[in-house]
Structures are given as structure tokens and as C-alpha cells.
Amino acid sequence: MKLQKVCQTSFRANKMPSSQAKYVDSQLRNAKNIDIISHSSTDRDGLNSAIAMWEYLSELGINARIIIDQKNLNSLHPRRTDCNIIQANETEKINSITPDITFCVDFGEKERINKNLVAHAQQSGKIMGFDHHIGNDMVDE
């Protein structure tokens with residue numbers, strides 16, 4: 001059988017400078033509570049990115065919560081559901097903890113985040129994030 005090259009796949013990532021990676025690492029390791037959020041109408045890549053970050057933070061012993069803006073979690077077919085997932089409209093539950101860091105995944109831009117989550121994030125000590133969309137990979141306000 002003869003194989004034919006159909007297309008050229010290219011993967012590229014924005015490189016994070018070593019100093020920035022060390023900064024992110026030290027900030028995460030010093031936090032006690034971190035909320036992980038994604039854009040409004042959370043989709044699968046947003047949820048699974050949040051779950052991956054939750055797993056990492058949990059391994060570090062950090063209390064992490066995932067806050068999603070999606071009414072039907074099961075429609076996203078999450079790869080795991082035993083992590084701490086809160087719906088974005090559960091404001092009382094969300095506001096019961098002020099996180100040291102709000103970590104954004106798959107957000108693209110601030111305008112794509114639920115407005116009450118933006119307000120909650122601004123109360124936290126820091127806002128940081130990783131994203132696969134074009135633009136900066138880390139936000140620190």
C-alpha cells in the first residue's frame with residue numbers, strides 16, 4: 001500500500017520565557033485557593049482545560065474550584081466529574097471564598113467571560129491564565 005501525504009499539519013505554541021514560567025509557578029504554589037474559569041457558554045476545550053488545571057493544582061495541595069457557565073454539564077461529556085465544579089449562576093457559593101488567584105482558561109478576551117465572574121475575579125488577588133487563542137498567554141492584573 002502506498003501512503004500519500006494529504007496535508008501538512010503544523011503545531012505551534014507561544015513560548016513563555018523562563019522567568020515568566022517561574023513567576024507563574026511560584027504564584028500558584030503560594031496560593032491557598034484558586035478559582036478556574038472559562039468563557040461564557042463553556043465548551044469542551046474550556047471544561048477540559050479547566051479540569052487539567054484543577055488536577056495540577058490539586059496535586060500541589062491547592063484548594064481549586066472550577067466555575068463554568070454551562071447549564072448542562074453532561075452535554076459536554078466531561079472526562080471526569082469528581083472535581084469541584086460550580087455553575088456560574090451560583091453566586092452565593094462562588095462568593096463564599098475569595099480566591100488568591102483566578103485562573104482563566106480558553107477565554108480569548110475578558111468580554112467572553114460571564115460578567116459576575118469578572119467581578120468575582122477582580123476581587124481575587126491576581127488574575128492569570130493560559131489560552132490557545134491568538135494573543136498573550138498570561139494576564140496578571
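Count residues from 1 along the sequence. When reading the values below, keep in mind they use all heavy atoms of this one structure, side chains included, and skip hydrogens, waters and symmetry mates. Everything numeric here is computed off the predicted structure, so don't read it as measured data.
Taking all atoms of both residues into account, the shortest heavy-atom contact from T102 to S124 is OG1-OG, 3.1 Å. When all heavy atoms are compared, the tightest approach of I101 to Q27 is CD1-O, 3.5 Å. Here the closest non-hydrogen pair linking V105 and G46 is CG2-O, 3.7 Å. In plain terms, the two heavy atoms of I94 and A88 that are nearest each other are CD1-O, 3.4 Å.
Atom CZ of R65 is separated from atom CD1 of I37 by 11.0 Å, given to the nearest 0.5 angstrom. The distance from atom OH of Y56 to atom CD1 of I36, rounded to the nearest 0.5 Å, is 11.5 Å. With values rounded to the nearest 0.5 angstrom, H120 atom NE2 is found 10.0 Å from I127 atom CD1. For the atom pair I67 CD1 and N84 CG, the distance stands at 9.0 Å (nearest 0.5 Å).
The backbone N or O of Q87 sits less than 3.5 Å from a side-chain atom of E90, completing a donor-acceptor pair. Put simply, the side chain of D106 never gets that close to the backbone of S38: no donor and acceptor are under 3.5 Å apart. Under a 3.5 Å cut-off, the side chain of S96 and the backbone N or O of K93 do form a donor-acceptor pair. When atom types are taken as modelled, the side chain of W54 and the backbone of I66 share no donor-acceptor pair closer than 3.5 angstrom. Judged by distance alone, with hydrogens and angles left aside, the side-chain atoms of N30 form a donor-acceptor pair with the main-chain N or O of S26 at under 3.5 Å.
Residues D100 and N33 have side chains that never bring a donor and an acceptor to within less than 3.5 angstrom of each other.
Around atom CD of Q123, more than 12 heavy atoms belonging to other residues, nucleotides or ligands sit under 6.0 Å away.
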